[in-house]
Amino acid sequence: LEILNLSNNYLLGPLPNELFEMKELRELVLSNNRWQMELDDRIGGLTNLEVLSLERSNMIGSVPKSLQSLTALKHLLLHNNEVLYGDFLNI
C-alpha cells in the first residue's frame with residue numbers, strides 16, 4: 001500500500017500500531033479527524049513518506065524529532081490543529 005487516506009472520518013486516537021508497519025507508504029492523509037493526541041514518534045519509521053497531511057485533525061503536543069528521518073518528505077501539512085510545537089526548522 002502506497003497511499004492511505006483516512007481523512008474526513010471523525011476518527012479518534014491513538015493511531016493503530018499497524019499503521020507504523022506500512023513501510024511502503026508514500027502518502028499518509030489523516031486530515032479532518034478528531035485525533036486529540038500527539039503524533040507518535042514512530043512516524044519517523046515511515047521513511048518513504050512524501051506527503052504527510054495532518055491538518056484540521058486536533059493534533060496536540062510536540063512534533064516528534066523523528067520527522068527528521070523522513071528524507072523523502074515533500075509536503076508536511078500541519079495547519080489548523082489545536083496546539084503543536086517543536087523545532088520545525090530542523091525538519
Side-chain angles (χ1 to χ4, degrees):
L1 185 66
E2 293 184 356
I3 299 171
L4 179 60
N5 186 336
L6 296 174
S7 62
N8 300 307
N9 285 299
Y10 299 103
L11 298 174
L12 298 170
L15 297 173
N17 291 329
E18 294 80 7
L19 176 69
F20 303 104
E21 296 171 7
M22 298 179 170
K23 303 296 183 185
E24 299 303 316
L25 275 182
R26 289 184 304 105
E27 294 185 22
L28 178 57
V29 181
L30 302 173
S31 57
N32 294 312
N33 283 295
R34 297 181 179 174
W35 298 113
Q36 296 182 328
M37 61 173 196
E38 286 191 353
L39 184 56
D40 195 300
D41 195 51
R42 295 178 290 169
I43 198 75
L46 301 176
T47 56
N48 288 318
L49 275 185
E50 296 175 8
V51 175
L52 178 57
S53 176
L54 298 166
E55 73 271 15
R56 294 180 299 277
S57 294
N58 293 326
M59 301 298 283
I60 58 173
S62 65
V63 175
K65 291 186 181 205
S66 66
L67 285 184
Q68 295 173 352
S69 301
L70 302 179
T71 57
L73 195 64
K74 296 176 183 173
H75 301 281
L76 176 61
L77 304 165
L78 298 172
H79 61 278
N80 293 347
N81 278 289
E82 292 294 317
V83 179
L84 287 177
Y85 56 89
D87 189 359
F88 296 99
L89 296 178
N90 290 322
I91 294 177

If you measure only the distance, is there a donor-acceptor pair under 3.5 Å linking the side chains of Glu55 and Ser57?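 Note: Glu55 and Ser57 side chains miss the donor-acceptor criterion.
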
Tell me the side chain to side chain donor-acceptor pair (under 3.5 Å) pairs involving residues 19-31, sequence neighbours left out?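 Only Glu2-Arg26 qualify under side chain to side chain donor-acceptor pair (under 3.5 Å).
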
Let me see the working for Ser53 and His75 under side chain to side chain contact (heavy atoms under 4.5 Å, CB included), right down to the final yes or no. CA-CA 8 Å; Ser53 176; His75 301 281; over 6 Å; no

Least distance between heavy atoms, [X] atom then [Y] atom:
| X | Y | value |
| --- | --- | --- |
| Leu30 | Asn33 | O-ND2, 3.0 Å |
| Arg34 | Leu12 | O-CD2, 2.9 Å |
| Ser69 | Gly44 | CB-O, 3.4 Å |
| Leu70 | Leu46 | CD2-O, 3.1 Å |
| Leu15 | Leu39 | CD1-CD1, 4.4 Å |

Is the closest side-chain heavy-atom distance between [X] and [Y] below 4.5 Å?
| X | Y | answer |
| --- | --- | --- |
| Leu25 | Ile3 | no |
| Leu28 | Val51 | no |
| Leu73 | Leu52 | yes |

Keeping [X] on the side-chain end and [Y] on the backbone end, is there a donor-acceptor pair under 3.5 Å?
| X | Y | value |
| --- | --- | --- |
| Asn81 | Met59 | yes |
| Ser66 | Ile43 | no |
| Ser7 | Asn5 | no |

Where do Leu54 and Leu77 land on the side chain to side chain contact (heavy atoms under 4.5 Å, CB included) test, with the steps shown first? CA-CA 6 Å; Leu54 298 166; Leu77 304 165; over 6 Å; no

Side chain to side chain contact (heavy atoms under 4.5 Å, CB included) between Leu4 and Val29, worked out: CA-CA 6 Å; Leu4 179 60; Val29 181; over 6 Å; no

hydrophobic_cluster_shared for Met37 and Tyr10, side chain cutoff 4.5 Å: no

